[in-house]
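Structure, as structure tokens:
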Protein chains: 2
Amino acid sequence: MKRVSLSDLSKSLNISKTTISFVLNGKAKEKGVSEETERRVLKKVKELNYIPNNFARGLRTGKSMTIGIVVADISNPFYARICRNIENEFDKKGYNVLFSSTYENPEKERHIINVMVERGVDGIILSPTRPYSSRVNKELTSLEIPLVFIDRHYPTSEIPFVVANNYQSSYNATEKLIEHGHKQIAFIAIKPTNTSVMADRIRGYKDALKAANLPFRKKYYAEFDLEDLSKPIYHKLDCLNLREHSATAILSGNNKITLALIECFQRNKILIPNDVSLISFDYLDVFSILTPPISSIQIHPEEIGDKAAKMLLGLISSSKKSYDNLVIEPQIHIKESVRFLSED
Amino acid sequence: MKRVSLSDLSKSLNISKTTISFVLNGKAKEKGVSEETERRVLKKVKELNYIPNNFARGLRTGKSMTIGIVVADISNPFYARICRNIENEFDKKGYNVLFSSTYENPEKERHIINVMVERGVDGIILSPTRPYSSRVNKELTSLEIPLVFIDRHYPTSEIPFVVANNYQSSYNATEKLIEHGHKQIAFIAIKPTNTSVMADRIRGYKDALKAANLPFRKKYYAEFDLEDLSKPIYHKLDCLNLREHSATAILSGNNKITLALIECFQRNKILIPNDVSLISFDYLDVFSILTPPISSIQIHPEEIGDKAAKMLLGLISSSKKSYDNLVIEPQIHIKESVRFLSED
DNA sequence: TCAGATAATGATACCCTTTTCATTTTATTT
DNA sequence: AAATAAAATGAAAAGGGTATCATTATCTGA
């Protein structure tokens, strides 16, 4: 059963395709189509269950009414919640949303973007996995379609972005730990560490140490790969000498690693906050029901999603390339997982 | 800067669009295009940065190389993980994936599906929010495009599905509680309760009670709306008389409600498993690091995603409407959140 | 050397909608 | 009644690929 086309409709009604098209696109009034004609068209459309062919329309108009979202991993709740809100916003305006995950693979990122451009998306929201380089930046700006960065960004690029203030919140959190009397503060980073997010968090941590005249020590710094968290984590953590109270506090680079840390601590009878204080980036609901509740630096992905969607919509409709970048201030919640360290 | 078209390429090379098309679609050998010509074409394509117009292609072929995923809420990790694997699978085959959330709104579900069909998707993977009705079923089967249900399904429909065995796992979990000596077992359901998932879980619970000659009591049964969990939960839980040990065990209808329950228990000094034993549907990573670790019924969303993707790919390519439905057996993990109840 | 086969390439219709511009019909003015 | 303006509708091109069928160039064998 072939789909009904405009021509079929036209023949069946003895009304030109032009007129029908006007009616269907809400231009009846504007183009002076009589009400009588409009009624007849609308009735027949229902009757024959006419569905416009999107390819023909897109071919003619050049607009796909589709945008693309590219993130590291859609199954990461942080990105999933961003995506939820982006889709929500675009759905309201009649847009559809394509998504794809890069899994931190630069080659995949390039490929996905090419495919999406091929698909004729009207814009892309991207959390880049590739570190900044003039080549990549040029590649992205030369796409000729609106692009908005989320979560991660290229500070020196003209590509607009919606990100959290990772530097400042990392700085503040570290400061908080210092205020609690901690001097041996460890930072657990997640690879790749050359994304703006992780780089800023590391920088904030280091700068806060420096501001307090505390040295940055390699033995208080560890990097993990999210993909193989299970095995090497305790081994590496061993370096932190938590048992011997060498590091007295940890700033954890993201929520997944935090959960892995906690599990590791439980297995090795390391107590929070007695043996070590803990603040985690990226709040999770469960942080508040763990014993003890985990301190965290909360970034609302919903806000990022909303703002990014609105920004992209603006870029698509206005065709101006202006960029009012947004830097969202995370909230720091200090809970029982951080304790005051008495001087000795 | 207008995009380069096939015609441009054709003129610039003095080679017909046909031949170029063959080369670009990997039919060079098959159609007997000389290697020399193929090389020239490929070189020029790179040089001019030719990107095929997807609308034109879709218009001609009728294939969009795009599929749609429709779930209740992409920000629900369960669905996000399903989506991840579906996208992964389709990406390999050159497909793109549209997604949208229904938020359990039947009207939205209908709308999304219509839009996707308009967009010309080659297939849809759907977790239906609408309960079975012959009208809805007919509406879906008359779409004329391959459709696969995930998570939820219509048992009597011919629409193929990949779901978990919710009935059996609910039955078994209830049985486990009974084996541990529990006789007052509560079930916490999530609205809407007329999805196959929740209905099956409730049915399994009831049947297991019956099989053990235990009565189903309304006071041991509660329904919650995921959207407004915070307020009414303790109020409703009060009915379970947990403090007075009226209900000695709870089977929780999904992971979100479980977290809310635990928080509520903490706030009201109700201890697991001393005051009440707990088994939750839908395993979460954090269940194992909570004190005590929470028993759970684990369904691997990855498996559902993989299988559903392969099923839909099969339906798309083979055009046969056969359906080898898949029912996945969840794993039940009994942890310290369930205790033996001594007879008195 | 030429018929016949095979290899290589091209002309063109088609997919369906939007949009420009032209045309026909009806209303208004003088 | 004629001229002009306004309202309503239609013809046809354009958009960029794919696929059918036709055609030309090259090769084979007798």
Side-chain angles (χ1 to χ4, degrees), chain A residues 1-42 44-45 48-66 94 115 117-120 122 144, chain B residues 1-42 44-45 48-66 94 117-120 122:
Chain A
M1 193 168 67
K2 235 171 92 298
R3 243 166 71 165
V4 180
S5 77
L6 245 200
S7 305
D8 300 333
L9 211 54
S10 168
K11 273 175 210 149
S12 143
L13 278 166
N14 244 346
I15 294 178
S16 78
K17 296 194 292 178
T18 312
T19 304
I20 300 176
S21 176
F22 287 155
V23 171
L24 261 32
N25 290 308
K27 297 184 182 167
K29 301 280 168 297
E30 178 191 339
K31 295 291 180 176
V33 176
S34 70
E35 293 196 358
E36 160 72 11
T37 307
E38 183 172 8
R39 221 169 332 105
R40 282 181 58 213
V41 169
L42 260 23
K44 202 72 173 183
V45 163
L48 299 188
N49 187 31
Y50 166 72
I51 298 175
N53 182 311
N54 194 252
F55 297 118
R57 176 180 287 165
L59 178 58
R60 179 63 232 224
T61 63
K63 300 257 147 281
S64 66
M65 295 303 281
T66 301
V115 170
V117 170
E118 239 178 79
R119 285 279 183 279
D122 297 332
E144 308 261 352
Chain B
M1 194 166 69
K2 234 172 91 294
R3 245 167 70 166
V4 181
S5 78
L6 242 201
S7 305
D8 300 333
L9 211 54
S10 169
K11 274 175 209 150
S12 140
L13 278 167
N14 246 344
I15 294 177
S16 77
K17 297 197 295 177
T18 311
T19 304
I20 300 176
S21 175
F22 286 154
V23 171
L24 262 33
N25 290 308
K27 297 183 184 168
K29 300 280 168 300
E30 178 191 337
K31 295 293 180 174
V33 176
S34 71
E35 292 196 358
E36 159 73 10
T37 306
E38 183 171 8
R39 221 168 334 105
R40 282 181 59 212
V41 169
L42 259 23
K44 203 72 173 183
V45 163
L48 299 187
N49 189 30
Y50 167 72
I51 298 175
N53 183 311
N54 195 251
F55 298 117
R57 176 181 287 162
L59 178 58
R60 180 62 233 230
T61 62
K63 297 258 146 281
S64 67
M65 295 303 281
T66 302
V117 170
E118 238 178 80
R119 286 276 183 282
D122 297 332

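Numbered from 1 within each chain, the chains take letters A, B, ... in sequence-line order.
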### Message
Both Lys31(A) and Ser21(B) contact DNA chain D. Taking the nearest nucleotide for each, which residue is further toward the 5' end?
### Response
Lys31(A)
Rounded distance in Å - [atom1] ([X]) to [atom2] ([N]):
{"X": "Asn14(B)", "N": "dG10(C)", "atom1": "CG", "atom2": "P", "result": "8 Å"}
{"X": "Leu13(A)", "N": "dT9(D)", "atom1": "CG", "atom2": "P", "result": "12 Å"}
{"X": "Tyr50(A)", "N": "dC16(C)", "atom1": "OH", "atom2": "C1'", "result": "8 Å"}
{"X": "Asn25(A)", "N": "dC16(C)", "atom1": "CG", "atom2": "P", "result": "17 Å"}
{"X": "Leu9(A)", "N": "dG10(D)", "atom1": "CG", "atom2": "C1'", "result": "15 Å"}
{"X": "Lys17(A)", "N": "dA11(D)", "atom1": "NZ", "atom2": "C1'", "result": "10 Å"}
{"X": "Ile15(A)", "N": "dA8(D)", "atom1": "CD1", "atom2": "C1'", "result": "11 Å"}
{"X": "Glu35(B)", "N": "dA7(C)", "atom1": "CD", "atom2": "P", "result": "14 Å"}

### Query
If you look at every heavy atom in Met65(A) and Gly94(A), which pair is closest and at what distance?
CE-O, 3.8 Å
Tell me what [X] touches on the nucleic acid: a base, only sugar-phosphate, or nothing, going by heavy atoms under 4.0 Å.
{"X": "Asp8(B)", "value": "nothing"}
{"X": "Phe55(B)", "value": "nothing"}
{"X": "Lys27(B)", "value": "sugar-phosphate"}

Can you tell me which nucleotide in [options] comes closest to the side chain of [X]?
{"X": "Pro52(A)", "options": "dG17(D), dT17(C), dT19(C)", "answer": "dT17(C)"}
{"X": "Thr37(A)", "options": "dA8(D), dT19(C), dG10(C)", "answer": "dA8(D)"}
{"X": "Val33(B)", "options": "dT9(C), dC14(C), dT12(C)", "answer": "dT9(C)"}
{"X": "Thr19(A)", "options": "dC15(C), dT9(D), dA14(D)", "answer": "dT9(D)"}
{"X": "Leu59(B)", "options": "dT9(C), dG16(D), dG17(D)", "answer": "dG16(D)"}
{"X": "Ser34(A)", "options": "dG16(D), dA13(D), dA8(D)", "answer": "dA8(D)"}

### Query
Does a donor on one side chain and an acceptor on the other come within less than 3.5 Å for Asn25(B) and Ser21(B)?
yes
### Query
When you measure from the side chain of Arg119(B) to the backbone N and O of Ser64(B), does any donor-acceptor pair fall under 3.5 Å?
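No; zero donor-acceptor contacts below 3.5 Å.
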### Task
Look up atom CG in Leu6(A) and atom CD1 in Ile15(A), then write down how far apart they are to the nearest 0.5 Å.
11.5 Å
## Note on the structure
In this structure, CG of Leu13(B) is separated from CZ of Arg40(B) (nearest 0.5 Å) by 5.5 Å
What donor-acceptor contacts under 3.5 angstrom involve side-chain atoms of residues 48-60 of chain B, with partners at least two apart or in another chain?
residue, atom, partner, partner atom, Å
Asn53(B), OD1, Phe55(B), N, 2.7
Asn53(B), OD1, Ala56(B), N, 3.0

Does [X] get its side chain close enough to the base of [N], under 3.5 Å, for a donor-acceptor pair?
{"X": "Arg60(A)", "N": "dT17(C)", "answer": "no"}
{"X": "Thr18(A)", "N": "dT19(C)", "answer": "yes"}
{"X": "Arg57(A)", "N": "dT17(C)", "answer": "no"}

